[in-house]
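Keep in mind that the numbers below use all heavy atoms, side chains included, and drop hydrogens, waters and symmetry copies. Just so it is clear: chains get the letters A, B, ... in the order the sequence lines come, proteins before strands, and each one is counted from 1.
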Amino acid sequence: MDVVLFLIFAFIAVVAAINVVVQTHPIASAVSLIGVMGSLAILYLLLGAEFIAVAQVIVYAGAVMVLFIFVIMLLNAGAEVKRGRSLLVQLLGAPLLIALLGLLAYFVQRIFPRNVTVHFGGFTGGSAQAIGRALFTTYLLPFEVISLLILIAILGAIVLGRKELD
Amino acid sequence: MDAFIVITIIKLLVIAFVLLTAVAYLQWVERKVIAHIQVRPGPYRVGPHGLLQPLADVIKLVTKEGLLPSYVNRPLYLFAPFIAVAMALLSIAVIPFGPTITVAGYSTWMQLTDLNIGVLFILAVSSMGVYGIALAGWSSNNKYALLGGLRSSAQMISYELPLALAIVSPLLLSNTLSLRDLVGSQAGDIFHWNILKLPFPQIVSFIIFVIAAFAETNRIPFDLPEAENELVAGFHTEYSSMKFASFFMAEYLNMVTVSAMATLLFLGGWEAPWPAAYGSSLVPTVIFAIAGLIAFYHASNPPHKLDRYTFAATGVIFLIIAAIFLAPIVQSWLLPLFWFLAKTGLILFVFIWIRGTLPRFRYDQLMGFAWKFLFPVAMLNLLVTSFLVAWRS
Amino acid sequence: MTQVPISWFLTLSAVLFALGVAGFLFRRSIITVFMSIELMLNAVNLSFVTFAYEYKQVNGHLFTFFVMVVAAAEAAVGLAIILTVFKNRATLNIDDMDSMKD
C-alpha cells in the first residue's frame, strides 16, 4: 500500500516537474508546479509530517502559487519565444542531465542503506503540537528573526510596487 | 474492518445525496427569500410554491448544449470547473454533523472522517478553491473573464488573512485543531460556546469570520468577480451548461462549508443553547407543532380552493415531525442534528438576507476594508485573546 | 515488501532538484526561472522531511517550515521586482535584462 502510494505520487511529481521545465507558457508551468506541490504534500503525509503537509498546501500551493498565477495573469505573459540555441547545448543538454540524475540516484542508493524503510504511521512526531513546541522553545530565535524577515519582505514589496518608482 | 468500509460507504452516499439536494434547495430558498424581500412571489410554477423548481433547473442545465468556445485554452478551460467543485466537496469530508450514533450494534460518528488537523485541512482546501476561479478567468481568453479571475484571486488572498486570524482565536480557547474535539471543548450551554466563552468572548472574531467568509465565497456585497454591470458575468462568462452549473454548485457548497465552520468554531456545533433540564429538547417539537398549527389555520380559511387540502397535508406532516422529535429512541442523535442544522441554516439565511439588503462594494473599498480595517482588528482581537489565555493559565 | 526504502524518497528529491536546475538554466521567461527555484526549494524540503523521518526527530520539519516562510517572502519580493521590471522594460525575457553588463 505504501509503495503503491509512493509510486503513484512520485510519478505524478516527476511528470509534473518535467512539465514545469518543458512547457513554454508560464501558466502551464505554474499549474504543473501546483501538481508537484500537491503530490509532495501527500508524500509528506506518508512520512508522518502532517503539519508540514498542510502548510505546504496552504503556503506554497495556496498562497505563493496564487501570487505567481496572479502576476502571470496581470502581465498577460505569453508563451516564451523560441531562441536558437547553440548546437552543443542541443546535443549535450539532455544526455548530461540524465547522466547527472543517474549519478545522483546511484550515490543516494549507495549511501543510504535499504534497511531504513518508510511506512505510514512510522513517525508521529510531526503533529502541529510538536512543531509548535519546538518552534517556541528550541527555535525561538530563528522564529523571531524570520518574522522580522517577513516584515522586511512586505515593506520591500510595497516599496517596489509603488507607482512613482522608476 | 469490513464493517468500517461498509459504514463509510453508506455515510458517503448519504452525505453526498443530502448535500447535493440541500444545495439545490438552498438555491430555491435563496430565490424565495430574495423574492419575498422584494415583495414578489418568486418561483411559483413548477410544483406547489415552486418546490420542484430545483429539479427543473437541474434538468435544464444537464440537457443544455455545452458550448466550447474556439479561442479558449482547452485543457485548463475544462479543468477549472472540475477543480472548483472538487475542492468545494472535499472540505465537507471532515465536518462533523453530530455525536456518535449506534445503528444495529455499530456505532459511528456523524462525520466522514476526523483529522487531528481538521481546521487546517479546511483552510488548505479552501485556499486551493481559488484556482478554479482564477484559471477559469484566464483560460476563457476573454477580457471580462480575465478581470473577474484577477479580482477574485486578489480578493481571496486578501480576505484569507483576516479569516485565518479570526479562526485562530477560538482555537486558542479550545486548544485543539480537530473539529470534533472543538465541539467537545464547547460542551454545555450557550456561555460555553466560543462566541461567549470567558476569558474573552469571541464576538468580534465571529463577525470578522462571517465578513471574510462572504468575501471568500464571492457573495454580495463582495461579489466583485462576477459584478454583472461591469464584467458581464465575470469569470464564468464563457461557461455554459454543466460547466456553469459546477461553478454555481461550488459557490453554494462553499457557503454551506463556511456556515458549518462558523457553527463549529463559534456556536458550539451541535450543542443545545441551554440544558435539556430546562426544556431545550422540546424546542424542535414546539417549533414544528407551531408550524403545523399555522398550516391548519391557513387551511381553515384558504386563499385558493386547492389550499384547503395542501395546507392541511403540510400541517399533518409538520405535526408528525414534531412527534418524531419526542421519541426517546431517535432523540439522542436527532436533537444534535437539529441544533447543528438550525445554526448552520441561520447563518445561511443571513447570507441570503444580506444579498437582499446590501449593494456591492467598489473595488478599492473592498481592498481597503480588508487591509485597513479587518486585518488590524483581527490582529488586535488575537493579541487580546492570547494575552488573556496566557494570563489565565 | 510493503515499505518504501528511504533512499527512494531521496532519489525523488534529487530528481526534482535536477529538474529545477534544468529549468533554471534552460528557460528564458523570468517567471519560469523563478518557478524553477521554487521547485528546487521543494525538492530540498522533501529531503529534510525524509531525514526527519529517518532520525525520528522534528527538527527537519522545522527547517522545512523556515524554508517555506523564506520562499513566501522571496516570492513576494521577487514578483514585485518582476512587476517593476516589466513596467519599465515591457519584457519578461531574462536575456533582455542585461543593462548591468555594459
Side-chain angles (χ1 to χ4, degrees), chain A residues 1-3 6 10 13-14 17-18 20-21 26 29-30 33 36-37 40 43-44 47-49 52 55 59-60 63-64 67-68 71-72 75 77 80 83 97 100-101 104-105 108-109 112 114 116-119 123 125-126 130-131 134-135 139 142 146 149-150 153-154 156-157 160-161 165-166, chain C residues 1-12 14-16 18-20 22-23 26-29 31-32 34-36 38-39 42 45-46 49-50 52-54 56-59 61-62 64-66 68-77 79-84 86-88 92-93 95:
Chain A
M1 191 64 188
D2 292 342
V3 174
F6 173 82
V14 170
I18 291 172
V20 172
V21 178
S29 296
L33 190 52
V36 177
M37 287 165 175
L40 280 187
L43 293 179
Y44 290 165
L47 288 165
I52 293 298
V59 176
Y60 260 129
V64 172
L67 217 57
F68 269 98
V71 167
I72 295 169
L75 302 182
E80 207 171 288
R83 295 265 172 104
L97 184 68
L100 175 71
L101 276 177
L104 265 173
V108 166
Q109 299 285 349
F112 292 94
R114 294 182 71 88
V116 181
T117 53
V118 175
H119 61 100
F123 173 55
I131 290 194
L135 207 54
Y139 291 89
I146 215 153
L149 177 81
I150 290 187
I154 293 172
L160 282 169
L165 189 87
D166 49 15
Chain C
M1 168 69 176
T2 54
Q3 301 194 345
V4 194
I6 213 150
S7 54
W8 291 15
F9 279 93
L10 296 168
T11 312
L12 175 66
V15 169
L16 292 181
L19 283 167
F26 291 156
R27 303 312 305 272
R28 287 289 158 267
S29 164
I31 296 177
T32 318
F34 205 6
M35 282 193 282
S36 306
E38 299 290 337
L39 183 59
N42 264 289
N45 280 351
L46 179 62
V49 175
T50 314
Y53 184 94
E54 189 184 353
K56 302 279 188 283
Q57 279 181 350
V58 80
N59 300 15
H61 295 184
L62 284 149
T64 310
F65 179 80
F66 287 129
M68 276 182 195
V69 177
V70 172
E74 173 211 325
V77 177
L79 289 171
I81 291 174
I82 291 177
L83 275 178
T84 317
F86 187 79
K87 225 183 285 173
N88 292 337
L92 287 174
N93 193 321
D95 288 345

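- Residue C:Phe65 touches chain A through both its backbone and its side chain, counting heavy-atom pairs closer than 4.5 Å.
- In terms of the ring pair (Phe, Tyr, Trp, His ring centres under 6.0 Å) criterion, residue partners of C:Phe34 (sequence neighbours excluded) are, by chain and number, A:Phe68.
- Contact of C:Gln57 with chain A is made through the backbone alone, with heavy-atom distances under 4.5 Å.
- Put simply, of A:Val36, A:Leu135, A:Leu43, the one with the most heavy-atom pairs under 4.5 Å next to chain C is A:Leu135.
- Distance check: C:Ser29 OG to A:Ile72 CD1 gives 7.5 Å after rounding to the nearest 0.5 Å.
- Interface residue C:Leu10: backbone and side-chain heavy atoms are both found under 4.5 Å from chain A.
- For chain A, the nearby part of C:Leu12 is the side chain; its heavy atoms alone come within less than 4.5 Å.
- Listed here is the closest heavy atom pair of A:Ala153 and C:Ala73: CB-CB, 3.6 Å.
- Interatomic distance, C:Thr11 OG1 to A:Leu101 CG, rounded to the nearest 0.5 Å: 10.5 Å.
- Of the two parts of C:Ile81, the backbone and the side chain both hold a non-hydrogen atom closer than 4.5 Å to a non-hydrogen atom of chain A.
- The candidate from C:Asn42, C:Leu83, C:Val49 with the greatest count of non-hydrogen atom pairs under 4.5 Å with chain A is C:Asn42.
- No part of A:Ala63 comes within reach of chain C, as not one of its non-hydrogen atoms sits under 4.5 angstrom from that chain.
- With chain A as partner, the option from C:Leu16, C:Leu62, C:Val15 having the largest number of non-hydrogen pairs under 4.5 angstrom is C:Leu62.
- Within the model, atoms CG of C:Asn59 and OH of A:Tyr139 stand 3.5 Å from one another, a figure rounded to the nearest 0.5 Å.
- A:Val71 places none of its side-chain heavy atoms less than 4.5 Å from the side chain of C:Phe86.
- With rounding to the nearest 0.5 Å, the separation of CD in C:Glu38 from OH in A:Tyr60 is 5.0 Å.
- With hydrogens and angles disregarded, a donor-acceptor distance shorter than 3.5 Å links the side chain of C:Thr84 to the backbone of A:Leu160.
- Per-residue counts of heavy-atom pairs under 4.5 Å with chain C were compared for A:Val59, A:Ile131, A:Ile150, A:Val20; the largest is that of A:Ile131.
- Using a 4.5 Å heavy-atom cutoff, the side chains of C:Asn45 and A:Ile52 are not in contact.
- Only the side chain of C:Thr32 comes within less than 4.5 Å of a heavy atom of chain A; its backbone N, CA, C and O stay farther away.
- Note that the CE atom of A:Met37 and the CG atom of C:Leu39 stand 7.5 Å from one another [nearest 0.5 Å].
- Across C:Ala72 and A:Val64, no two heavy atoms sit closer than the pair CA-CG2, 3.8 Å.
- Both the backbone and the side chain of A:Leu67 come within less than 4.5 Å of a heavy atom of chain C.
- When A:Ala13, A:Pro142, A:Ala130 are compared by the number of non-hydrogen pairs under 4.5 Å with chain C, A:Pro142 comes out ahead.
- The heavy-atom pair separating C:His61 from A:Gly48 by the smallest distance is CE1-O, 4.1 Å.
- Heavy atoms of A:Leu47 lying under 4.5 Å from chain C belong to its backbone as well as its side chain.
- Across all their heavy atoms, A:Ala30 and C:Met35 have their closest contact at CA-SD, 3.4 Å.
- Note that CE of C:Met68 and CD1 of A:Ile146 are 11.5 Å apart. Values are rounded to the nearest 0.5 Å.
- In terms of heavy-atom pairs under 4.5 Å with chain A, the best-connected choice from C:Val77, C:Ile31, C:Val58, C:Leu79 is C:Leu79.
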